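Below is one structure, written out as structure tokens, with a few remarks after it.
Since this is a predicted model, take the numbers as computed values, not measurements.
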Amino acid sequence: MARISVPAADRLLDREFPVLDHGFVRLVDYLGGDARIVQAARVSYGEGTKTVREDRALIDYLLRNRHTSPFEQVILTFHLKMPIFVARQWIRHRTARLNEISGRYSIMRDEFYLPRPHEIRRQSKRNRQGGSAAEVPAELQQRVIELLEADQQSAYGSYQDLLDDGLARELARINLPLALYTEMYWQIDLNNLFHFLKLRLDWHAQYEIRVYGDVMAEAVRAVAPLAFEAFEEHILHGQAFSGSELELLRAALDPDRLAATLEASGLRKTRRREFLEKLGISLPVSPETAQPEPVAKA
């Protein structure tokens, strides 16, 4: 079987897309695309036996119902450059394969992340792990930037002095701050990449990793546009409800109004039925839409 080539993805290969002040995202390679997902799901069909419309419906069905193994057939490899504190959040996604630059073997570059004034934020009073959207005075923004830059220059100067004195690189590096940039090759399948993007595109995610997610999402959209469309619909912009939350939803819904809204929604009948099944609701069937019972043959 010939390698699947996606022209939109091919145009992105080896292009560096800048992120933050010194970082970038580069799509190194990809394996498969929407066609590979369809092939994996329809192993008994040959190429060209289904239309794009049918492929879109199949991919949507698979992701909607969490049949995710066909998405694991698609693999993307990125070359990434990011601050170390971003990389430490990144590698919590343990479903990928990566190789990171080593300060034991390489002399680290004098490149540090320095936030722009509008990216300076206070600690949130409601979220222990996040920042606040409250405005920070300009004089405080400037003071923070000057402090960060001074500490970065001091730390790198000491690092360079230790190297010049012949100290082992593995020891000279240990006082370098988390703002230092690192690089890695990162390979992941599409199913797990969707999980990464779901978390890292969320507004709760730290800004400095969210901007990487924005760029990577466009690469995914190029490689597998139908799959990304389904991801946006069912995962990125979708929600799951607990049992108690479903009880509240059922209690708040007016069945007559719900029936009319569903009829006008434009959703296919299958999607409407699945939605009602999620809620555990059975709407009365109108005489106009009722299907006749099949007649038993003698």
Side-chain angles (χ1 to χ4, degrees), residues 2-38 52 55-56 59 71-93 95-102 106-116 118-119 179-203 205-232 235-236:
R3 180 184 185 275
I4 291 173
S5 178
V6 184
D10 290 341
R11 289 192 290 270
L12 298 183
L13 289 176
D14 292 323
R15 289 179 57 189
E16 284 189 8
F17 292 89
V19 187
L20 300 179
D21 48 358
H22 299 295
F24 62 73
V25 169
R26 185 165 70 92
L27 180 64
V28 176
D29 199 5
Y30 69 94
L31 174 67
D34 288 326
R36 178 58 47 79
I37 297 169
V38 170
V52 172
D55 288 348
R56 173 182 277 110
I59 289 172
F71 297 88
E72 295 172 6
Q73 298 289 326
V74 180
I75 298 171
L76 292 87
T77 303
F78 294 94
H79 179 194
L80 305 160
K81 184 178 180 182
M82 66 190 74
I84 291 175
F85 71 88
V86 174
R88 294 304 159 259
Q89 293 184 50
W90 205 292
I91 62 173
R92 291 183 61 81
H93 297 270
T95 50
R97 295 154 294 282
L98 67 91
N99 278 86
E100 185 178 2
I101 188 172
S102 171
S106 303
I107 296 176
M108 305 303 289
R109 296 179 184 175
D110 184 8
E111 291 180 326
F112 295 87
Y113 169 61
L114 200 63
R116 293 171 293 181
H118 69 274
E119 293 161 1
L180 185 74
Y181 271 85
T182 185
E183 295 184 39
M184 69 171 88
Y185 267 58
W186 192 69
Q187 185 184 81
I188 191 167
D189 68 69
L190 186 58
N191 177 44
N192 284 298
L193 182 51
F194 279 158
H195 179 67
F196 173 92
L197 292 175
K198 167 67 174 176
L199 296 177
R200 300 310 176 182
L201 292 178
D202 189 274
W203 69 273
Q206 184 170 347
Y207 165 79
E208 284 82 5
I209 196 170
R210 199 166 66 237
V211 289
Y212 283 89
D214 290 338
V215 176
M216 294 173 68
E218 293 308 309
V220 177
R221 190 195 302 273
V223 171
L226 299 182
F228 192 82
E229 178 184 284
F231 162 72
E232 287 187 300
I235 298 178
L236 185 59

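- Closest approach of Ala219 to Leu12, counting heavy atoms only: CA-CD1, 3.8 Å.
- The closest side-chain heavy-atom distance from Ser5 to Asp10 is below 4.5 Å.
- Of all the heavy atoms in Glu16 and Phe24, the pair that sits closest is OE1-CD2, 3.7 Å.
- From Ile188, atom CD1 reaches atom OG1 of Thr95 across 4.0 Å, with rounding to the nearest 0.5 Å.
- A 6.0 Å sphere centred on CG of Asn99 holds no more than 12 heavy atoms belonging to other residues, nucleotides or ligands.
- Between Ile84 atom CD1 and Met108 atom CE the span is 5.5 Å, to the nearest 0.5 Å.
- Distance check, rounded to the nearest 0.5 Å: CG of Leu199 to CD of Gln89 gives 11.0 Å.
- With rounding to the nearest 0.5 angstrom, the CG atom of Leu27 is 5.0 Å from the CG atom of Leu13.
- Atom CD1 of Ile101 and atom CD1 of Ile107 lie 10.5 Å apart (nearest 0.5 Å).
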Arg97 vs Gln187, test: side chain to side chain donor-acceptor pair (under 3.5 Å). Steps then yes/no. CA-CA 5 Å; Arg97 295 154 294 282; Gln187 185 184 81; 2.9 Å; yes

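- Defined by atom type and a distance below 3.5 Å, a donor-acceptor pair is missing between the side-chain atoms of Arg109 and His22.
- In this model, no donor atom of one side chain and acceptor atom of the other lie less than 3.5 Å apart for Asp110 and Tyr181.
- Counting heavy atoms from C-beta on, the side chains of Arg26 and Lys81 never come closer than 4.5 Å.
- Using a 4.5 Å cut-off on side-chain heavy atoms (C-beta onward), Phe78 and Asp29 make no contact.
- Note: Trp186 and Trp90 have perpendicular aromatic rings, judged against thresholds of 30 and 60 degrees for the angle between ring planes.
- Of the inter-residue distances, the one linking Lys198 atom NZ with Glu232 atom CD reads 12.0 Å to the nearest 0.5 angstrom.
- Residues Leu20 and Met82 are not in side-chain contact: their nearest non-hydrogen atoms beyond the backbone lie 4.5 Å or more apart.
- A 4.5 Å side-chain heavy-atom check between Leu76 and Asp189 finds every atom pair outside the cut-off.
- At least one side-chain heavy atom of Thr182 sits less than 4.5 Å from a side-chain heavy atom of Glu100.
- Residues Val25 and Tyr212 meet the side-chain proximity criterion, which asks for heavy atoms closer than 4.5 Å.
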Applying salt bridge (Lys or Arg N to Asp or Glu O under 4.0 Å) to Arg221 and Asp34, what does each step give before you reach the verdict? CA-CA 10 Å; Arg221 190 195 302 273; Asp34 288 326; over 6 Å; no

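- Atom NE2 of His93 sits in a crowded spot, with more than 12 heavy atoms from other residues, nucleotides or ligands closer than 6.0 Å.
- For Tyr207, the side chain to side chain donor-acceptor pair (under 3.5 Å) partners two or more places apart in sequence, or in a different chain, are Arg116, Glu119.
- Judged purely by atom type and a 3.5 angstrom limit, Arg200 has no side-chain atom pairing as donor or acceptor with the backbone of Gly213.
- Only one option out of Val6, Val74, Thr77, Ile4 pairs with Tyr30 in a side-chain contact (heavy atoms from CB on, under 4.5 Å); it is Val6.
- Listed by chain and residue number, Phe194, Phe228 satisfy the ring-ring contact (aromatic ring centres under 6.0 Å, His included) test with Phe231 (two or more places apart in sequence, or in another chain).
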